[in-house]
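Written below as C-alpha coordinates is the structure these notes are about.
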Amino acid sequence: MNTVLQKVAEAVQKYSTKRLAVGVSGGRDSMCLLHALLHSGVVPKSNIIVVHVNHCLRKEADRDEQFVREYCKQMQVEFVAKRVDVNKHAAADSLTIEQAARNLRYGVFFDIIKSGKADVVLTAHHALDNAETVLMHLFRGAGLSGLCGISSEKTVRPLLNVYPDELDEYVKINGINFVVDDTNFADDADRNFIRLNVIPMIEQRYRGAVRAVNAFAHECGEVCDYLDECLDEDYITHDGGAVLLSERALHGALAARYVRRALESFSLIDITREQTERVVELAHMRTGAVVELTGGVEAAREYGCVAVYVPRQKYDGEVTVNMGANFIDGLAVDIACDDISPDKAAGRAVDLDKISGAVLRFRRDGDMFTPFGGGQKKLKQYFIDNKIPKRKRDRIPLVCKGSEVLVIVGMQISDSVKQMKGTVNRGTVTPRWQ
(Lines give C-alpha, C1' and ligand atoms only; values in the text may rest on other atoms or scores of the structure.)
Protein backbone atom coordinates (compact mmCIF):
# COMPACT_ATOMS: atom_id res chain seq x y z
CA MET A 1 0.00 0.00 0.00
CA ASN A 2 1.27 3.49 -0.85
CA THR A 3 2.61 5.46 2.14
CA VAL A 4 0.01 8.21 1.81
CA LEU A 5 -2.89 5.79 1.53
CA GLN A 6 -1.56 3.73 4.43
CA LYS A 7 -1.10 6.74 6.72
CA VAL A 8 -4.60 8.01 6.01
CA ALA A 9 -6.18 4.58 6.49
CA GLU A 10 -4.40 4.12 9.82
CA ALA A 11 -5.31 7.61 11.05
CA VAL A 12 -9.05 7.29 10.37
CA GLN A 13 -9.47 3.65 11.37
CA LYS A 14 -10.87 4.55 14.81
CA TYR A 15 -13.29 7.02 13.19
CA SER A 16 -14.73 4.54 10.73
CA THR A 17 -18.27 5.02 12.06
CA LYS A 18 -17.98 8.78 12.57
CA ARG A 19 -18.82 11.63 10.21
CA LEU A 20 -15.64 13.30 9.03
CA ALA A 21 -15.31 16.93 7.90
CA VAL A 22 -12.31 17.25 5.57
CA GLY A 23 -10.78 20.67 4.94
CA VAL A 24 -10.03 20.85 1.21
CA SER A 25 -8.57 23.95 -0.45
CA GLY A 26 -8.03 22.27 -3.82
CA GLY A 27 -4.24 22.29 -3.51
CA ARG A 28 -1.98 19.26 -3.75
CA ASP A 29 -1.95 18.36 -0.07
CA SER A 30 -5.68 18.48 0.60
CA MET A 31 -6.52 16.75 -2.69
CA CYS A 32 -4.16 13.93 -1.76
CA LEU A 33 -5.83 13.64 1.63
CA LEU A 34 -9.32 13.57 0.12
CA HIS A 35 -8.34 11.08 -2.59
CA ALA A 36 -6.68 8.75 -0.07
CA LEU A 37 -9.65 9.00 2.30
CA LEU A 38 -12.12 8.13 -0.45
CA HIS A 39 -9.99 5.18 -1.61
CA SER A 40 -8.96 3.85 1.79
CA GLY A 41 -12.15 1.81 2.17
CA VAL A 42 -12.26 2.71 5.88
CA VAL A 43 -14.94 5.43 5.92
CA PRO A 44 -18.04 5.27 3.68
CA LYS A 45 -18.63 8.26 1.40
CA SER A 46 -21.90 8.96 3.19
CA ASN A 47 -19.88 9.78 6.32
CA ILE A 48 -17.59 12.29 4.58
CA ILE A 49 -18.29 15.99 4.18
CA VAL A 50 -15.82 18.15 2.26
CA VAL A 51 -15.45 21.68 3.61
CA HIS A 52 -13.97 24.44 1.45
CA VAL A 53 -13.31 27.84 3.02
CA ASN A 54 -13.16 30.63 0.45
CA HIS A 55 -11.02 33.40 1.93
CA CYS A 56 -11.96 35.73 -0.96
CA LEU A 57 -8.41 37.10 -1.05
CA ARG A 58 -7.37 36.13 -4.60
CA LYS A 59 -9.00 36.46 -7.99
CA GLU A 60 -8.60 32.67 -8.36
CA ALA A 61 -10.49 31.95 -5.11
CA ASP A 62 -13.79 31.25 -6.88
CA ARG A 63 -11.99 29.02 -9.36
CA ASP A 64 -10.57 26.94 -6.50
CA GLU A 65 -13.99 26.63 -4.89
CA GLN A 66 -15.54 25.49 -8.16
CA PHE A 67 -12.73 22.98 -8.71
CA VAL A 68 -13.38 21.28 -5.36
CA ARG A 69 -17.12 21.43 -5.91
CA GLU A 70 -16.85 19.65 -9.27
CA TYR A 71 -14.53 16.99 -7.87
CA CYS A 72 -16.96 16.25 -5.04
CA LYS A 73 -19.83 16.05 -7.51
CA GLN A 74 -17.85 13.59 -9.62
CA MET A 75 -16.99 11.49 -6.55
CA GLN A 76 -20.52 11.77 -5.14
CA VAL A 77 -19.43 13.15 -1.79
CA GLU A 78 -21.11 15.95 0.17
CA PHE A 79 -19.62 19.43 -0.32
CA VAL A 80 -19.94 22.61 1.75
CA ALA A 81 -18.39 25.98 0.86
CA LYS A 82 -18.13 28.91 3.26
CA ARG A 83 -17.01 32.44 2.41
CA VAL A 84 -15.22 34.53 5.03
CA ASP A 85 -14.07 38.15 5.21
CA VAL A 86 -10.41 37.84 6.18
CA ASN A 87 -9.51 41.52 5.72
CA LYS A 88 -12.33 42.64 8.02
CA HIS A 89 -11.38 40.13 10.73
CA ALA A 90 -7.68 41.07 10.49
CA ALA A 91 -8.44 44.78 10.85
CA ALA A 92 -10.89 44.29 13.72
CA ASP A 93 -8.55 42.14 15.83
CA SER A 94 -5.18 43.60 14.73
CA LEU A 95 -4.08 40.32 13.17
CA THR A 96 -1.97 39.47 10.15
CA ILE A 97 -3.85 38.20 7.11
CA GLU A 98 -2.32 34.78 7.78
CA GLN A 99 -3.54 34.69 11.39
CA ALA A 100 -7.01 35.99 10.51
CA ALA A 101 -7.44 33.44 7.71
CA ARG A 102 -6.46 30.61 10.05
CA ASN A 103 -8.86 31.78 12.76
CA LEU A 104 -11.78 32.03 10.37
CA ARG A 105 -10.97 28.73 8.70
CA TYR A 106 -10.95 26.82 11.97
CA GLY A 107 -14.02 28.72 13.06
CA VAL A 108 -15.84 27.24 10.06
CA PHE A 109 -14.56 23.74 10.82
CA PHE A 110 -15.61 23.82 14.46
CA ASP A 111 -18.99 25.36 13.66
CA ILE A 112 -19.67 22.28 11.56
CA ILE A 113 -18.76 20.10 14.52
CA LYS A 114 -20.99 22.13 16.85
CA SER A 115 -23.88 21.88 14.39
CA GLY A 116 -23.71 18.09 14.53
CA LYS A 117 -22.99 17.69 10.81
CA ALA A 118 -19.64 16.07 11.58
CA ASP A 119 -17.82 14.51 14.53
CA VAL A 120 -14.18 15.03 13.52
CA VAL A 121 -12.17 17.51 11.44
CA LEU A 122 -9.37 16.33 9.13
CA THR A 123 -6.72 18.66 7.70
CA ALA A 124 -3.86 18.02 5.28
CA HIS A 125 -0.88 19.36 7.23
CA HIS A 126 2.21 17.32 6.44
CA ALA A 127 5.75 16.87 7.76
CA LEU A 128 7.20 19.98 6.11
CA ASP A 129 4.34 22.06 7.51
CA ASN A 130 5.23 20.71 10.92
CA ALA A 131 8.90 21.63 10.62
CA GLU A 132 7.95 25.11 9.40
CA THR A 133 5.70 25.54 12.42
CA VAL A 134 8.45 24.52 14.85
CA LEU A 135 10.91 27.00 13.35
CA MET A 136 8.32 29.76 13.16
CA HIS A 137 7.40 29.24 16.82
CA LEU A 138 11.08 29.18 17.79
CA PHE A 139 11.84 32.44 16.02
CA ARG A 140 8.75 34.12 17.50
CA GLY A 141 9.84 33.20 21.00
CA ALA A 142 7.71 30.17 21.80
CA GLY A 143 8.15 28.06 24.89
CA LEU A 144 8.57 24.30 24.99
CA SER A 145 4.99 23.62 23.89
CA GLY A 146 5.46 25.70 20.76
CA LEU A 147 8.37 23.47 19.76
CA CYS A 148 6.10 20.42 19.68
CA GLY A 149 4.91 21.46 16.23
CA ILE A 150 1.35 21.30 14.92
CA SER A 151 -1.10 20.08 17.53
CA SER A 152 -3.45 17.20 16.76
CA GLU A 153 -5.52 17.80 19.87
CA LYS A 154 -8.64 19.15 18.14
CA THR A 155 -8.15 17.86 14.60
CA VAL A 156 -6.94 14.70 12.91
CA ARG A 157 -3.89 15.21 10.67
CA PRO A 158 -3.25 11.94 8.78
CA LEU A 159 -0.37 13.36 6.71
CA LEU A 160 1.67 14.82 9.55
CA ASN A 161 4.42 12.22 9.07
CA VAL A 162 4.27 12.34 5.28
CA TYR A 163 6.86 14.38 3.34
CA PRO A 164 6.29 16.42 0.14
CA ASP A 165 8.19 13.99 -2.09
CA GLU A 166 5.81 11.23 -0.96
CA LEU A 167 2.83 13.43 -1.81
CA ASP A 168 4.33 14.18 -5.24
CA GLU A 169 4.70 10.46 -5.86
CA TYR A 170 1.09 9.84 -4.80
CA VAL A 171 -0.12 12.56 -7.18
CA LYS A 172 1.87 11.06 -10.06
CA ILE A 173 0.76 7.48 -9.46
CA ASN A 174 -2.93 8.37 -9.11
CA GLY A 175 -3.13 11.18 -11.65
CA ILE A 176 -4.58 13.62 -9.11
CA ASN A 177 -5.43 17.09 -10.37
CA PHE A 178 -5.10 20.09 -8.09
CA VAL A 179 -5.02 23.88 -8.19
CA VAL A 180 -1.97 26.01 -7.46
CA ASP A 181 -2.11 28.99 -5.10
CA ASP A 182 0.43 31.48 -6.46
CA THR A 183 0.62 33.25 -3.09
CA ASN A 184 2.47 30.20 -1.79
CA PHE A 185 5.47 31.43 -3.77
CA ALA A 186 5.54 34.89 -2.19
CA ASP A 187 7.64 35.15 0.95
CA ASP A 188 5.76 38.02 2.60
CA ALA A 189 3.95 35.73 5.06
CA ASP A 190 6.04 34.23 7.89
CA ARG A 191 5.37 30.62 6.96
CA ASN A 192 6.18 31.18 3.30
CA PHE A 193 9.40 33.00 4.23
CA ILE A 194 10.56 30.00 6.24
CA ARG A 195 9.48 27.50 3.55
CA LEU A 196 11.02 29.39 0.61
CA ASN A 197 14.14 30.84 2.21
CA VAL A 198 15.09 29.41 5.59
CA ILE A 199 14.52 25.69 5.13
CA PRO A 200 16.24 25.38 1.70
CA MET A 201 19.29 27.17 3.13
CA ILE A 202 19.41 24.89 6.17
CA GLU A 203 18.85 21.73 4.10
CA GLN A 204 21.69 22.74 1.79
CA ARG A 205 24.06 22.87 4.75
CA TYR A 206 22.53 20.11 6.87
CA ARG A 207 20.98 17.36 4.81
CA GLY A 208 17.99 15.84 6.57
CA ALA A 209 17.46 18.94 8.73
CA VAL A 210 13.68 18.88 8.29
CA ARG A 211 13.45 15.32 9.55
CA ALA A 212 15.72 16.25 12.47
CA VAL A 213 13.45 19.18 13.36
CA ASN A 214 10.44 16.88 13.33
CA ALA A 215 12.22 14.31 15.50
CA PHE A 216 13.07 17.07 17.95
CA ALA A 217 9.44 18.23 17.94
CA HIS A 218 8.31 14.70 18.74
CA GLU A 219 10.66 14.55 21.75
CA CYS A 220 9.41 17.95 22.93
CA GLY A 221 5.88 16.58 22.75
CA GLU A 222 6.79 13.65 24.99
CA VAL A 223 8.45 15.97 27.50
CA CYS A 224 5.42 18.27 27.53
CA ASP A 225 3.10 15.35 28.12
CA TYR A 226 5.18 14.31 31.11
CA LEU A 227 5.32 17.84 32.53
CA ASP A 228 1.55 18.20 32.16
CA GLU A 229 1.09 15.05 34.19
CA CYS A 230 3.10 16.72 36.97
CA LEU A 231 0.70 19.67 37.27
CA ASP A 232 -1.41 19.87 40.41
CA GLU A 233 -4.97 20.48 39.19
CA ASP A 234 -5.87 21.98 42.58
CA TYR A 235 -3.76 25.00 41.64
CA ILE A 236 -6.15 25.80 38.76
CA THR A 237 -9.75 26.75 39.54
CA HIS A 238 -12.60 28.47 37.72
CA ASP A 239 -14.64 31.47 38.79
CA GLY A 240 -17.37 32.21 36.30
CA GLY A 241 -15.58 32.84 33.02
CA ALA A 242 -12.19 33.36 34.68
CA VAL A 243 -9.44 30.82 35.25
CA LEU A 244 -7.63 31.31 38.58
CA LEU A 245 -4.01 30.30 39.09
CA SER A 246 -2.87 29.85 42.67
CA GLU A 247 0.25 31.78 43.74
CA ARG A 248 1.93 28.42 44.28
CA ALA A 249 1.46 27.56 40.60
CA LEU A 250 3.44 30.61 39.52
CA HIS A 251 6.67 29.84 41.35
CA GLY A 252 9.06 27.19 40.13
CA ALA A 253 9.92 25.37 36.93
CA LEU A 254 6.30 24.51 36.04
CA ALA A 255 4.97 28.08 36.25
CA ALA A 256 4.85 28.58 32.47
CA ARG A 257 3.01 25.30 32.01
CA TYR A 258 0.34 26.31 34.52
CA VAL A 259 -0.11 29.56 32.62
CA ARG A 260 -0.35 27.73 29.32
CA ARG A 261 -2.99 25.40 30.77
CA ALA A 262 -5.00 28.47 31.85
CA LEU A 263 -4.65 30.20 28.50
CA GLU A 264 -5.79 27.10 26.63
CA SER A 265 -9.25 27.72 28.09
CA PHE A 266 -9.55 30.69 25.75
CA SER A 267 -9.95 30.03 22.04
CA LEU A 268 -7.78 31.53 19.30
CA ILE A 269 -5.13 32.92 21.61
CA ASP A 270 -1.53 32.94 20.38
CA ILE A 271 0.36 31.45 23.32
CA THR A 272 3.99 32.58 23.19
CA ARG A 273 6.79 32.64 25.75
CA GLU A 274 6.26 36.39 26.07
CA GLN A 275 2.61 35.80 26.97
CA THR A 276 3.36 33.20 29.64
CA GLU A 277 6.20 35.24 31.13
CA ARG A 278 3.98 38.30 31.49
CA VAL A 279 1.42 36.28 33.42
CA VAL A 280 4.08 34.67 35.66
CA GLU A 281 5.48 38.13 36.46
CA LEU A 282 2.09 39.15 37.87
CA ALA A 283 2.71 36.86 40.84
CA HIS A 284 5.38 39.33 41.95
CA MET A 285 3.29 42.48 41.37
CA ARG A 286 0.82 44.40 43.49
CA THR A 287 -2.80 43.30 43.77
CA GLY A 288 -4.82 44.88 40.97
CA ALA A 289 -2.03 44.87 38.38
CA VAL A 290 -3.31 43.89 34.93
CA VAL A 291 -1.62 42.80 31.69
CA GLU A 292 -3.29 42.58 28.29
CA LEU A 293 -2.68 39.43 26.27
CA THR A 294 -3.65 38.54 22.70
CA GLY A 295 -7.19 37.75 21.62
CA GLY A 296 -8.74 40.25 24.04
CA VAL A 297 -7.67 38.19 27.07
CA GLU A 298 -6.42 39.86 30.26
CA ALA A 299 -4.62 38.58 33.34
CA ALA A 300 -4.82 40.30 36.72
CA ARG A 301 -3.10 39.97 40.06
CA GLU A 302 -5.78 39.23 42.62
CA TYR A 303 -5.88 38.17 46.25
CA GLY A 304 -3.78 35.02 46.51
CA CYS A 305 -3.96 34.25 42.79
CA VAL A 306 -3.72 35.46 39.20
CA ALA A 307 -6.94 35.50 37.18
CA VAL A 308 -7.08 35.04 33.41
CA TYR A 309 -10.27 36.19 31.70
CA VAL A 310 -11.92 38.06 28.85
CA PRO A 311 -13.21 41.37 30.23
CA ARG A 312 -16.84 42.16 29.64
CA GLN A 313 -17.78 45.56 28.28
CA LYS A 314 -19.14 47.78 31.05
CA TYR A 315 -22.91 48.34 31.00
CA ASP A 316 -23.89 51.89 31.92
CA GLY A 317 -27.70 51.60 31.81
CA GLU A 318 -30.08 51.58 34.75
CA VAL A 319 -33.64 50.48 35.58
CA THR A 320 -36.06 51.68 38.26
CA VAL A 321 -36.50 48.99 40.89
CA ASN A 322 -39.90 47.37 41.30
CA MET A 323 -41.33 44.56 43.34
CA GLY A 324 -40.63 41.18 41.80
CA ALA A 325 -37.92 40.41 39.26
CA ASN A 326 -35.64 43.20 38.08
CA PHE A 327 -33.30 42.60 35.14
CA ILE A 328 -30.09 44.37 34.17
CA ASP A 329 -27.62 43.22 31.52
CA GLY A 330 -28.51 39.55 31.86
CA LEU A 331 -28.66 39.50 35.67
CA ALA A 332 -31.85 39.18 37.74
CA VAL A 333 -32.50 40.70 41.16
CA ASP A 334 -35.63 39.79 43.13
CA ILE A 335 -37.28 42.32 45.45
CA ALA A 336 -39.98 40.81 47.63
CA CYS A 337 -42.01 41.40 50.77
CA ASP A 338 -40.53 39.22 53.47
CA ASP A 339 -40.88 39.48 57.25
CA ILE A 340 -37.83 37.33 57.81
CA SER A 341 -35.56 38.42 60.64
CA PRO A 342 -32.65 40.61 59.46
CA ASP A 343 -30.36 38.30 61.45
CA LYS A 344 -31.37 35.44 59.16
CA ALA A 345 -31.22 37.52 55.98
CA ALA A 346 -27.94 39.36 56.43
CA GLY A 347 -27.19 41.61 53.49
CA ARG A 348 -30.71 41.16 52.07
CA ALA A 349 -33.29 42.46 54.58
CA VAL A 350 -34.33 46.07 53.87
CA ASP A 351 -37.00 48.63 54.59
CA LEU A 352 -38.79 48.60 51.23
CA ASP A 353 -40.02 52.18 51.68
CA LYS A 354 -36.40 53.38 51.82
CA ILE A 355 -35.54 51.88 48.41
CA SER A 356 -38.70 53.17 46.73
CA GLY A 357 -37.75 55.18 43.63
CA ALA A 358 -34.21 53.80 43.58
CA VAL A 359 -32.53 52.41 40.46
CA LEU A 360 -30.65 49.22 39.71
CA ARG A 361 -27.30 49.81 38.00
CA PHE A 362 -23.59 49.05 38.15
CA ARG A 363 -20.89 51.12 39.84
CA ARG A 364 -19.93 54.62 38.76
CA ASP A 365 -17.23 57.09 39.77
CA GLY A 366 -18.13 58.90 42.98
CA ASP A 367 -20.35 56.18 44.45
CA MET A 368 -20.51 56.20 48.25
CA PHE A 369 -21.61 53.43 50.60
CA THR A 370 -22.40 53.21 54.31
CA PRO A 371 -21.95 49.58 55.38
CA PHE A 372 -24.47 48.11 57.82
CA GLY A 373 -23.42 49.35 61.25
CA GLY A 374 -20.47 51.31 59.86
CA GLY A 375 -19.42 54.72 58.58
CA GLN A 376 -19.63 56.07 55.05
CA LYS A 377 -16.81 55.35 52.60
CA LYS A 378 -16.17 55.27 48.89
CA LEU A 379 -17.60 52.18 47.22
CA LYS A 380 -14.18 51.52 45.70
CA GLN A 381 -12.67 51.40 49.21
CA TYR A 382 -15.40 49.00 50.37
CA PHE A 383 -14.56 46.65 47.51
CA ILE A 384 -10.86 46.86 48.33
CA ASP A 385 -11.50 46.23 52.04
CA ASN A 386 -13.55 43.15 51.14
CA LYS A 387 -11.01 41.92 48.58
CA ILE A 388 -13.38 42.03 45.60
CA PRO A 389 -11.30 41.64 42.41
CA LYS A 390 -11.46 44.47 39.88
CA ARG A 391 -12.86 42.20 37.17
CA LYS A 392 -15.95 41.54 39.34
CA ARG A 393 -16.68 45.07 40.50
CA ASP A 394 -18.38 46.19 37.30
CA ARG A 395 -20.71 43.16 37.36
CA ILE A 396 -22.16 43.59 40.87
CA PRO A 397 -25.65 45.16 40.65
CA LEU A 398 -26.29 48.08 42.96
CA VAL A 399 -29.53 49.61 44.24
CA CYS A 400 -28.86 53.35 44.29
CA LYS A 401 -30.29 56.81 44.75
CA GLY A 402 -27.96 59.23 43.01
CA SER A 403 -24.42 58.42 44.10
CA GLU A 404 -25.61 56.76 47.32
CA VAL A 405 -25.44 52.97 47.19
CA LEU A 406 -28.30 51.45 49.17
CA VAL A 407 -27.68 47.78 48.44
CA ILE A 408 -24.68 45.95 47.05
CA VAL A 409 -26.72 43.06 45.73
CA GLY A 410 -25.63 39.71 47.10
CA MET A 411 -23.18 41.28 49.56
CA GLN A 412 -24.36 44.01 51.92
CA ILE A 413 -27.09 46.60 52.57
CA SER A 414 -26.50 50.19 53.56
CA ASP A 415 -27.10 51.17 57.14
CA SER A 416 -29.54 53.75 55.76
CA VAL A 417 -32.04 51.11 54.52
CA LYS A 418 -31.90 48.67 57.43
CA GLN A 419 -35.10 47.58 59.10
CA MET A 420 -36.00 49.29 62.36
CA LYS A 421 -38.59 48.56 65.08
CA GLY A 422 -41.18 50.70 63.33
CA THR A 423 -40.50 49.41 59.82
CA VAL A 424 -43.80 48.58 58.11
CA ASN A 425 -42.78 47.30 54.67
CA ARG A 426 -40.19 44.65 55.32
CA GLY A 427 -38.57 42.86 52.41
CA THR A 428 -35.46 41.40 50.84
CA VAL A 429 -33.23 42.15 47.86
CA THR A 430 -31.94 38.84 46.55
CA PRO A 431 -29.70 38.01 43.56
CA ARG A 432 -31.23 35.35 41.31
CA TRP A 433 -27.82 33.81 40.55
CA GLN A 434 -27.04 32.71 44.14
Side-chain angles (χ1 to χ4, degrees), residues 1-55 61 63-82 101-102 105-106 108-110 112-113 117-133 149-181 184 191 195 210 214:
M1 182 183 289
N2 178 276
T3 301
V4 174
L5 192 61
Q6 180 180 354
K7 293 288 186 183
V8 172
E10 291 174 352
V12 300
Q13 185 64 51
K14 64 179 179 180
Y15 305 107
S16 59
T17 61
K18 304 290 186 180
R19 281 187 56 78
L20 310 184
V22 190
V24 180
S25 66
R28 179 199 62 182
D29 308 338
S30 60
M31 290 303 295
C32 282
L33 172 60
L34 179 57
H35 182 280
L37 180 63
L38 292 173
H39 291 82
S40 67
V42 177
V43 181
K45 287 183 180 180
S46 58
N47 280 2
I48 298 173
I49 176 172
V50 173
V51 182
H52 177 87
V53 180
N54 189 333
H55 299 102
R63 174 209 66 181
D64 297 353
E65 178 182 326
Q66 187 59 29
F67 172 80
V68 181
R69 186 189 304 276
E70 289 296 328
Y71 182 83
C72 291
K73 182 178 180 180
Q74 175 187 342
M75 299 302 295
Q76 298 181 321
V77 63
E78 185 175 353
F79 172 78
V80 171
K82 297 288 183 180
R102 179 185 181 279
R105 187 165 58 251
Y106 279 92
V108 170
F109 294 156
F110 296 134
I112 288 177
I113 297 294
K117 293 180 179 178
D119 303 302
V120 180
V121 172
L122 273 63
T123 63
H125 292 96
H126 52 68
L128 181 58
D129 293 325
N130 193 61
E132 292 165 3
T133 298
I150 299 174
S151 170
S152 295
E153 182 179 349
K154 295 182 179 179
T155 60
V156 178
R157 309 185 196 274
L159 305 180
L160 207 52
N161 293 315
V162 176
Y163 285 82
D165 57 336
E166 296 172 302
L167 293 172
D168 289 336
E169 180 186 5
Y170 188 76
V171 165
K172 184 177 180 180
I173 292 174
N174 294 282
I176 299 173
N177 293 321
F178 58 89
V179 296
V180 177
D181 182 350
N184 287 334
R191 183 176 293 279
R195 179 189 303 127
V210 170
N214 283 330

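Below, each value reflects all heavy atoms present in this structure, side chains not excepted, and no hydrogens, waters or symmetry copies. One is the number of the first residue; the rest follow in order along the sequence.
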(Q) Determine whether V171 and C32 satisfy the following criterion, side-chain contact (heavy atoms from CB on, under 4.5 Å), listing intermediate values before the conclusion. (A) CA-CA 7 Å; V171 165; C32 282; 3.4 Å; yes
Q.
Using a 3.5 Å distance criterion without hydrogens, assess whether the side chain of H125 forms a donor-acceptor pair with backbone atoms of L160.
A. no
Q. Can you name the closest pair of heavy atoms from L159 and A124 and give their distance?
A. CD1-O, 3.9 Å
Q) Is the backbone of M75 close enough, under 3.5 Å, to the side chain of K45 for a donor and an acceptor to pair up by distance? A) yes
(Q) Using a 3.5 Å distance criterion without hydrogens, assess whether the side chain of N214 forms a donor-acceptor pair with backbone atoms of A127. (A) yes
(Q) Does any part of the side chain of T123, heavy atoms only, come nearer than 4.5 Å to the side chain of V121, both counted from C-beta? (A) yes
Q. For Q66 and E70, does a side-chain donor sit closer than 3.5 Å to a side-chain acceptor?
A. yes
Q. What do the steps show when you test Y71 against L34 for side-chain contact (heavy atoms from CB on, under 4.5 Å), and what is the final call?
A. CA-CA 10 Å; Y71 182 83; L34 179 57; 3.7 Å; yes
(Q) Is there a side-chain contact (heavy atoms from CB on, under 4.5 Å) between V8 and L33? Walk through the geometry before answering. (A) CA-CA 7 Å; V8 172; L33 172 60; 4.0 Å; yes
Q. Quick one: does F110's side chain get under 4.5 Å of T155's, heavy atoms only?
A. yes
Q. Which pair of non-hydrogen atoms, one from D64 and one from S25, has the smallest distance, and what is that distance?
A. CB-O, 3.9 Å
Q. Given side chains that start at C-beta, do those of L37 and V22 come closer than 4.5 Å, heavy atoms only?
A. yes
**Q.** Nearest-0.5 Å distance, CG of residue L128 to CG of residue D165
**A.** 10.0 Å
Q. Is it the case that H55 and R105 place a side-chain donor and acceptor less than 3.5 Å from each other?
A. yes
Q) Do H52 and F79 touch side chain to side chain, with heavy atoms closer than 4.5 Å? A) yes
Q. Are any of the side-chain nitrogens in D129 or R157 under 4.0 Å away from the carboxylate oxygens of its partner?
A. no
Q) Taking H39 for the side chain and H35 for the main chain, is one N or O donor matched with an acceptor at less than 3.5 Å? A) yes
Q: Decide yes or no for R28 and D168: does some side-chain heavy atom of the first lie under 4.5 Å from some side-chain heavy atom of the second?
A: yes
Q | Y163 backbone acceptor or donor facing E166 side chain under 3.5 Å | A | yes
Q: Evaluate the side-chain proximity of N184 to D181: yes if any heavy-atom separation is below 4.5 Å, no if none is.
A: yes
Q: Please determine if R102 forms a cation-pi arrangement with Y106, meaning its NZ or CZ atom is less than 6.0 Å from the six-membered ring centre and no more than 45° off the ring axis.
A: yes
(Q) I need the minimum non-hydrogen distance between E65 and A81, along with the two atoms involved. (A) OE2-CB, 3.5 Å
Q. Between the side chain of N130 and the main-chain N/O of I150, is any donor-acceptor distance below 3.5 Å?
A. yes
Q | Pairs flagged by side-chain hydrogen bond (donor to acceptor under 3.5 Å, both in side chains) wherever residues 12-22 is involved - sequence neighbours left out | A | R19-E78
(Q) If you define the side chain from C-beta out and look only at heavy atoms, does anything of I113 sit under 4.5 Å from D119? (A) no
Q) For M31, which of N177, L167, I176 qualifies under side chain to side chain contact (heavy atoms under 4.5 Å, CB included)? A) I176
Q) Is there a donor-acceptor contact under 3.5 Å from the side chain of N47 to the main chain of V43? A) no
